[in-house]
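Along the sequence shown, residues carry numbers from 1.
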Amino acid sequence: QVQLVESEGGLVQAGGSLRLSCAASGTIFSINVIGWYRQTPGKQRELVATISSGGSINYADSVKGRFTISRDNAKNTVYLQMNSLKPEDTAVYYCFARRAVRVGVDYNHWGQGTQVTVSS
């Protein structure tokens with residue numbers, strides 16, 4: 001089992017910065033991908049950034065150059081540093097982890113989500 005505890009989001013002005021945290025607990029050794037998705041009303045969840053156990057990182061084109069994902073293995077925590085925030089970044093952000101339970105079988109885990117609102 002894996003539990004994902006996200007930091008709370010909040011309201012930030014355009015151009016500002018915010019750092020989200022996601023602390024993983026449980027069977028964390030089996031996590032092979034962890035990161036962030038986001039969702040706005042009427043849209044499906046979209047990838048923001050992920051980092052694999054091997055260090056491979058993927059970013060959405062819309063956030064590339066502004067957001068940085070990192071992890072602290074000692075704290076079992078992944079961070080999303082969000083800089084130069086835009087109103088269109090407003091969304092519910094979800095921590096995501098993929099856990100390998102056995103060969104060829106992965107389970108997806110989701111945090112409860114945190115609202116990030118960027119004002120003009």
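- In summary, D61 and K64 engage in a salt bridge, as defined by a charged side-chain N under 4.0 Å from a carboxylate O.
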**Request:** Take S119 and L11 through the test side-chain contact (heavy atoms from CB on, under 4.5 Å) and record every step on the way to the result.
**Result:** CA-CA 7 Å; S119 62; L11 177 65; 4.1 Å; yes

**Request:** Would you sort out whether S62 and R38 count as a side-chain hydrogen bond (donor to acceptor under 3.5 Å, both in side chains), showing the intermediate values?
**Result:** CA-CA 12 Å; S62 60; R38 67 186 182 187; 3.2 Å; yes

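- Follow the hydrophobic side-chain contacts under 4.5 Å out from L4 and you never reach L47; the two are in separate clusters.
- Hydrophobic clustering (ILVMFWY, side-chain heavy atoms < 4.5 Å, transitive): L20 and Y79 are in distinct clusters.
- The minimum heavy-atom distance between S17 and S84, with the atom names listed, is OG-N, 4.3 Å.
- Other members of the cluster containing Y107 are V101, V105, with ILVMFWY side chains joined at under 4.5 Å, either directly or via other members.
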**Request:** Could you walk me through whether I51 and V33 pass the side-chain contact (heavy atoms from CB on, under 4.5 Å) test, one step at a time?
**Result:** CA-CA 6 Å; I51 184 168; V33 179; over 6 Å; no

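- Linking Ile, Leu, Val, Met, Phe, Trp and Tyr whenever their side-chain heavy atoms come within less than 4.5 Å leaves V2 and V5 in two separate clusters.
- The CZ atom of R71 sits 15.0 Å away from atom CG of L80, with the distance rounded to the nearest 0.5 Å.
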**Message:** Under the criterion side-chain contact (heavy atoms from CB on, under 4.5 Å), I'd like the reasoning laid out for I34 against T50: C-alpha separation, chi angles, the key distance, then a yes or no.
**Reply:** CA-CA 6 Å; I34 191 167; T50 60; over 6 Å; no

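- Cation-pi geometry between R45 and Y94 is met: under 6.0 angstrom from the ring centre, within 45 degrees of the axis.
- Here CD of E46 is found 7.0 Å from OG1 of T40. Values are rounded to the nearest 0.5 Å.
- In this structure, the side chain of E6 engages the main chain of C95 through a donor-acceptor pair within 3.5 Å.
- Annotation: Q44, atom CD; neighbour count of heavy atoms from other residues, nucleotides and ligands within 6.0 Å does not exceed 12.
- Judged purely by atom type and a 3.5 angstrom limit, S7 uses its side chain to pair as donor or acceptor with the backbone of S21.
- When the side-chain hydrogen bond (donor to acceptor under 3.5 Å, both in side chains) test is applied to T68, no partner is found at least two apart in sequence or on another chain.
- Listed by chain and residue number, Y37, W110 satisfy the ring pair (Phe, Tyr, Trp, His ring centres under 6.0 Å) test with F96 (two or more places apart in sequence, or in another chain).
- The CD1 atom of I31 sits 12.0 Å away from atom CZ of R98, with the distance rounded to the nearest 0.5 Å.
- Linking Ile, Leu, Val, Met, Phe, Trp and Tyr residues whenever their side-chain heavy atoms come within less than 4.5 Å places Y59 and Y93 in a single cluster.
- A 4.5 Å side-chain heavy-atom check between R99 and T27 finds at least one atom pair inside the cut-off.
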**Request:** Output, in order, the C-alpha distance, side-chain angles, deciding distance and verdict of side-chain hydrogen bond (donor to acceptor under 3.5 Å, both in side chains) for R66 and N83.
**Result:** CA-CA 5 Å; R66 299 187 297 119; N83 298 325; over 6 Å; no

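- Looking only at side-chain heavy atoms (C-beta outward), W36 and I69 come within less than 4.5 Å of each other.
- No donor-acceptor pair closer than 3.5 Å links the side chain of S52 to the backbone N or O of N32.
- In this structure, the side chains of Q81 and L18 stay at 4.5 Å or more apart for every pair of heavy atoms.
- A donor-acceptor pair shorter than 3.5 Å cannot be found between the side chains of T77 and D72.
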**Request:** Please step through side-chain contact (heavy atoms from CB on, under 4.5 Å) for the pair V116 and M82, ending with a clear verdict.
**Result:** CA-CA 11 Å; V116 173; M82 304 185 293; 4.2 Å; yes

